[in-house]
Structure formats: C-alpha cells, structure tokens
Amino acid sequence: MRTIRLFRSMSGPVRLLLVNQCGMAVGFYLLVPYLATYLTNDLQMAAAVVGAVLGIRTFAQQGLTVVGGAAADRFGCRPVIIAGCALRTLAFAIFAFSSSAVGLMSAAVLTGLAGALFSPAVRTYLALEAADRRVDAFTLYSLTNTVGALAGPLLGSVLILVGFGPMALTSAVIFAVLTIAQALWLPARAQEVPAGPLRASWRQVTTDRRFMVFTVACAGMLTLYNQFYLLLPLEAARVTGWASATGAVFLISTVTTLLLQVRVSQALARRMSSHAAIVVGLLLSAVSFIAGAGSATWLSAGGRNTAIAIVLAASIPVALATAFLAIGLNIAQPFALSRAADFARPGLTGTYLGVYASAGGLVAAGGNTVIGYLTDLGERWHLPALPWLALALLAAGSAVAITAIRPPRVRDQGGTGHGEVPAARPEAPATAGS
C-alpha cells in the first residue's frame, strides 16, 4: 500500500514514465535472456558470433548513452524517448524475421542504440519533473524496472515454447504500444537548452571534477548489480548441487525489492543525507559479498553433502548475500541517481546522467571480466572466496570514496529535502524542440 500511495502521489508524466519503464523491462527481458540459446541452438551459430551479437548490443548501449543524454538536453526528453522506443520496436522486429548474421548484428546495434537514447532521456525527464522528489521518483523507477525484469522472463518462458519469432514479435509489439502511448500522452517539457557546441557541453561535464570523482566512485555499482546474473547464481547452484537453484536468487532479490525498496528508501531519506544513504547502501553490499565469501569457504572446507539439512544450511549464506545485495543496491542506486542529477549545470542534466551511466557500463564490462578471472584463479589456488572478497573491497572502497566527496549544491529544480542547499531555478528556461 505504501508503494501504491507513493506512485499515486507523483505527477501524471512521472506515473506514465514509470509504467513505461516497467513495460520496457518486460519487453527487453522477455527476449534478451533467450537470445544466446536461440543463436546457438536454433541457428547453429559459432560461439564467437553469438558473443559478438551480445557484445555489440552492450557496447552500443553503454558507449552511446553519453550521446543519448546530450540529445535529451538539446532536443528535449520527449522526442528522444519516443525515438528510442521506436528504434527498439524495429530492432526486435528484425530479430523476429531475420536469421542472417548481418541482420542480427543490425538488430543488436539498433537495440543498443535505442537503449542509449531512451534510458538517459527517461532519467532526465524524471529528474526534472520530480524536482525535490527525485529520490522517490528514482526509487519507483528501480522498483518498476525490477517488476518488469521479473515478469519478462516468465512471459518469455511461455512464448519460447511457441518459437523465438513470436516471442521477438511480442517484444516488438510491446515497444510499439509504448511508443504510441508516449507520443499521445507524454507532454513536452520546458527545459533550458545548452548554449554552444556539443563538445563544449561534454567538456563542461568532464571538467567538473567533483562530479567525475563521484561518477568514478559510483561506477562499480553496475558491476555489483551484475552479480545477480553471474556470481550469485553460480554459487547457488554450486552450494545446492541443483541448477534450478539459480532461480531462487532472482526470487529472493525480487521479493526483497518489492517488500523493502520504498519503505527503506523513505526511512533513510528522513534520517540522513543522500550521500550518507549511498554509503549505507554500499556498505550493506560489502556485507553481502562477505557472506558469499563465507559460503564459498564453508563449502570448500566441508565438502559437498547432498543431505537436505546440510544443503539448507549451506544455502543460508547465499540467500543472505542475495538479500543484503538487493537491499544495499536498492538503497544506493536511487540516491546516487538523484545526486548525479544534482551536480548538473542548467541545461545539462541529460549529459551528466549520460556520462554517469556510460561510466558504470564501461566499468561493468571490465569488472565482470576481472571477476570471472578471479573466480577461475580462486579455483586453481583453492581460494574460492577470492572473487567475493574483491567485490566486498570494491563496495567498501566506493563507500569510502563517496564519504570524501563534498555533496553538490542542487543546481536544478530546487533542493532534495535532505539537507543540501538548493540553488535558484532558471528564471526563463527555453523550450527544447519536440
């Protein structure tokens, strides 16, 4: 009920974008988790080609998010959001009807480009529209994304029985509906347009030292989040000996998010600054990986035993690690997005958020590789806790770095209500083209 009340208290455009975000997550996760299996088993593609298709999608989205953020500043959030959804409609339609490597590569590029457009544009619109309620808006944004990320694979598991083509086409239809809905009902929003060339805008962002330090400090969060899909499922399967136990990781993280996301975020917002809340979230994430290290070490010392009581006992640290990581990131991410927007100079909110997102994506690409290497190294050295301790160190180091950064003075749309000093709003913002 608390979540529903919070959702209803937001403005109409914010509610529309939150529903839109849930739909985007459904359409995306309906298809993408099954893409590698389809390319490998159905189309008999080589692993290198499959890796290239998946990698080019990630690279296109994370690498071009800075472009999408700048486009949202210069052309307005609304047209960029609509263009992104339309591009993803086209991309998923290509996945539905094409089986050639060229067609699939094109679809992968378009899928990534679409995300690079609408992701920073949606966040920018939310940051500007929500004003002093940014933390609430980004909390709901994270929650609706989680709901969609759970519902998407469940729907996909049914549609894959019919075939990959109908599943991809369903995703395309979802994004087509979202495109039409936003074209009809999402209002254009007045926002200040940055002066000067695009490279000047990027220069202003990248020379903002406090923001860049903050971005680097927060960049590891996506690497931590990706462990829901990498280290935690592997450990759950290893501890229990059941491959299906990986589903429990997603169930625990989703239930934890649905039950605690809004409640905990609101409680912390009343009691501490956003910077302090980010630190709390990162420290809880560090605790989660220490629990995971305990699980890995316990199993290594005690050996595998399939007795039910032993399996359940061994599963407790993994379950705790999953729950603590979900709680920690659910706290840290909304506050961090709000803080990143607060650094923004007038007219550059999208550019700031685009740079923030791209940094996280690039670090995650390298971070997952390092964690995979440390996992293999830990097995060779009989130190299974090695990757877990490295992640705990990353989370704790990020928390320490955050404490060393002076909180920004809110430059845009008033204060956050958490003790920071608000700046005046621009008196006569120009209306960006739509």
Side-chain angles (χ1 to χ4, degrees), residues 58 61-62 65 119 123 138-139 141-143 145-146 149 213-236 246 249-250 252-254 256-257 260-261 264-265 268 274-296 317-340 356-375 378 384-403 405:
T58 302
Q61 179 159 343
Q62 301 300 342
T65 300
S119 180
R123 291 177 176 182
F138 284 128
T139 296
Y141 173 86
S142 177
L143 183 65
N145 190 70
T146 299
V213 172
F214 177 82
T215 296
V216 171
C218 292
M221 282 191 202
L222 188 55
T223 301
L224 303 180
Y225 177 82
N226 282 345
Q227 303 320 305
F228 285 122
Y229 303 95
L230 180 60
L231 209 55
L232 284 167
L234 291 175
E235 185 66 12
T246 59
V249 170
F250 301 105
I252 292 171
S253 63
T254 300
T256 301
T257 298
L260 298 178
Q261 171 98 59
V264 173
S265 293
L268 291 179
S274 293
H275 259 54
I278 298 169
V279 171
V280 169
L282 287 169
L283 291 178
L284 284 174
S285 299
V287 170
S288 77
F289 293 113
I290 292 173
S295 169
V318 182
L320 288 175
T322 302
F324 272 105
L325 183 59
I327 295 171
L329 292 180
N330 287 341
I331 292 170
Q333 287 176 329
F335 285 100
L337 277 171
S338 178
R339 292 291 83 192
Y356 175 86
S358 282
L362 293 175
V363 169
N368 285 338
T369 303
V370 171
I371 294 305
Y373 174 75
L374 290 178
T375 301
L386 186 61
W388 298 93
L389 294 176
L391 287 162
L393 184 62
L394 173 62
S398 297
V400 171
I402 292 293
T403 62
I405 303 168

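Within the model, atoms OG of S274 and CD1 of I402 stand 11.0 Å from one another, a figure rounded to the nearest 0.5 Å. Atom CG of residue L325 and atom CG of residue L284 lie 10.0 Å apart, to the nearest 0.5 angstrom. In this structure, the separation between CG on L329 and OG on S253 is 10.5 Å, given to the nearest 0.5 Å. How far CG of L320 is from CD1 of I290: 13.0 Å, rounded to the nearest 0.5 Å. In this structure, CG on L224 lies 5.0 Å from CZ on F289, to the nearest 0.5 angstrom.
Heavy-atom minimum distance, L394 versus G220: CD2-O, 4.0 Å. When every heavy atom of A401 is checked against every heavy atom of A217, the shortest pair comes out as CB-CB, 3.7 Å. Residue A277 comes nearest to I331 through the heavy atom pair O-CG2, 3.3 Å, listed as atom of the first residue, atom of the second, then distance. Between P317 and A291 the shortest heavy-atom distance is CB-O, 3.6 Å. Contact between L222 and G361 at its shortest, heavy atoms only, is CD2-CA, 3.7 Å. Residues P233 and Q227 approach most closely at CD-O, 3.5 Å, considering heavy atoms.
With a 6.0 Å radius and a threshold of 12 heavy atoms from other residues, nucleotides or ligands, F228 has its CZ atom above the threshold.
Residues meeting the side-chain contact (heavy atoms from CB on, under 4.5 Å) test with L283, sequence neighbours left out: V279, A399. In this view, Y141 and R123 satisfy the side-chain hydrogen bond (donor to acceptor under 3.5 Å, both in side chains) rule, not counting sequence neighbours. Listed by chain and number, the residues in a side-chain contact (heavy atoms from CB on, under 4.5 Å) with S358 are T65, V66 (sequence neighbours excluded). Residues satisfying the side-chain contact (heavy atoms from CB on, under 4.5 Å) test with A323, not counting sequence neighbours, are I252, T256. Every residue two or more places apart in sequence or in another chain that forms a ring-ring contact (aromatic ring centres under 6.0 Å, His included) with F250 is listed here: Y229. Listed by chain and number, the residues in a side-chain hydrogen bond (donor to acceptor under 3.5 Å, both in side chains) with T375 amount to none (sequence neighbours excluded). Take F214 and apply the ring-ring contact (aromatic ring centres under 6.0 Å, His included) test, not counting sequence neighbours, and it matches H275, F343. Every side-chain contact (heavy atoms from CB on, under 4.5 Å) that T139 has, sequence neighbours left out, goes to V135, Q261, V262, S265, P334.
At least one donor-acceptor pair closer than 3.5 Å links the side chain of S288 to the backbone N or O of S285.
Residues in residues 326-335 take part in these side-chain hydrogen bond (donor to acceptor under 3.5 Å, both in side chains) pairs, two or more places apart or across chains: T257-N330.
Counting heavy atoms from C-beta on, the side chains of L282 and M221 come closer than 4.5 Å.
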